[in-house]
Amino acid sequence: MTVKTEPEALLSHLQNDGSATFSFAGYTVVGAVNGPIEVQRRDEIPEEAAIDVIVRPAAGVGGTRERHLESLLQSTLRQIILVDNFPRTLIQIILQVTTAPENEYVNAKVVQASSNLAILPALIQTAVLSLLSAALPLSATLTSTSLAVIADGQSNKIVLDPSPREIETSQSFHVLAFNSHDELILVESEGSFTMKEWDDVVAAAQRQCCPLAITSDEDTLMDHGSTADVDLRRFTRSTLEGKIASDLHWK
């Protein structure tokens, strides 16, 4: 069963330029940002800052799964960080996974999410909050969510933030990210799906990531099983407002 809890975040609690802990849908990720800092000459880019993303699993050492996630995060975050402002420097983003959803049982066998993408939305949200905590200039913020298309009798339903069991039994699994201008900047999909299902997935993701852009599609989404009740953009905004209010409280 999908974990449906409200997102939680804590900002600037580590001794880094920026830090954040984000918890949602069974995942907890701790992020730290350092930069702009000096970069090794071999990694130096004359016209802009280099972006280094490090993902550390909850147990053991990183492998190909973490390298894949790092590549996706690096290309996505480069689209919003104003790297041109810091040539010949390095911006380092470290993401430590501390909690993942508990495994579920199907036919007495433990189910591990076969997809490497399930944790990607939590990593993106943590990275963005850490960058905001570090006061690095961004062209926009990001919100991300995951969705699974699951067979439900004669029709299919869309499940937001699916559990490992739901991902394992789904026909397709999707991760989408939108910037604060309602532009879709990241899409990763696995499995088979029709164009109609894809349109429904995008609409459902928009409803959670940028609900202000959705007006008349709400009833349709509910008919497809979407139960999005979390406004991730508003959550990011309120988290930053709370941090600023706390910092200025002494004044």
Side-chain angles (χ1 to χ4, degrees), residues 1-4 7 24-27 55 64-77 79 100-101 103-107 109-125 142-179 181-233:
M1 197 173 191
T2 305
V3 179
K4 293 294 182 183
F24 183 53
Y27 290 102
V55 176
T64 55
R65 175 177 183 265
E66 284 69 33
R67 302 296 85 77
H68 179 216
L69 292 170
E70 290 169 1
S71 176
L72 293 174
L73 287 163
Q74 184 179 41
S75 60
T76 302
L77 295 174
Q79 298 181 57
N103 296 323
E104 299 186 47
Y105 288 83
V106 177
N107 298 328
K109 295 182 179 180
V110 177
V111 174
Q112 297 273 3
S114 58
S115 173
N116 294 337
L117 304 176
I119 197 174
L120 186 55
L123 294 173
I124 291 175
Q125 297 296 150
L142 296 178
T143 49
S144 178
T145 189
S146 61
L147 309 93
V149 179
I150 299 176
D152 185 19
Q154 299 298 321
S155 60
N156 295 329
K157 67 176 182 179
I158 296 174
V159 177
L160 284 162
D161 305 309
S163 67
R165 178 176 182 177
E166 289 169 330
I167 295 174
E168 185 74 18
T169 59
S170 66
Q171 295 183 348
S172 63
F173 178 67
H174 311 265
V175 173
L176 297 89
F178 298 83
N179 64 19
H181 306 302
D182 300 331
E183 297 171 339
L184 181 61
I185 67 169
L186 172 68
V187 178
E188 291 292 326
S189 299
E190 297 177 345
S192 59
F193 50 91
T194 65
M195 287 304 300
K196 176 65 168 59
E197 291 170 346
W198 168 247
D199 291 338
D200 291 341
V201 163
V202 174
Q206 283 181 313
R207 184 169 180 263
Q208 185 171 37
C209 293
C210 40
L212 295 180
I214 304 298
T215 55
S216 60
D217 293 338
E218 182 172 351
D219 294 337
T220 302
L221 293 176
M222 292 300 291
D223 291 340
H224 283 83
S226 174
T227 57
D229 54 0
V230 177
D231 184 342
L232 292 175
R233 182 178 298 176

Could you pull out all residues at least two apart from [X] that satisfy side-chain hydrogen bond (donor to acceptor under 3.5 Å, both in side chains)?
{"X": "E183", "value": "N179"}
{"X": "E66", "value": "none"}
{"X": "S71", "value": "none"}
{"X": "Q171", "value": "N156"}

Legend entry - Electrostatic pair D182-R233, nearest N-O below 4.0 angstrom: yes
Inset, instruction - Run the salt-bridge test on E168 and R165 with the 4.0 Å N-O cut-off and return the result as yes or no. - result: no
Legend entry - Sidechain-backbone polar pair: S170 side chain, I167 backbone, donor-acceptor under 3.5 Å: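 Pair found, side chain donor or acceptor close to backbone of I167.
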Legend entry - Donor-acceptor contact present, side-chain E190 to main-chain F173, <3.5 Å: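 No; zero donor-acceptor contacts below 3.5 Å.
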Legend entry - Closest heavy-atom pair and its distance - V187, L184: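 Looking at all heavy atoms of both residues, the closest pair is CG2-CD2, 3.4 Å.
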Inset, instruction - Using the six-membered ring wherever Trp is involved, compare the ring planes of H174 and W198 and label them parallel, tilted or perpendicular (cut-offs 30° and 60°). - result: tilted
Using the side-chain contact (heavy atoms from CB on, under 4.5 Å) criterion, which residues pair with [X]? Sequence neighbours excluded.
{"X": "Q74", "value": "I51, V53"}
{"X": "T145", "value": "L147, L160, D161, A205, Q208, C209"}
{"X": "S144", "value": "P121, I124, Q125, V175, A177"}
{"X": "T194", "value": "K196, E197"}

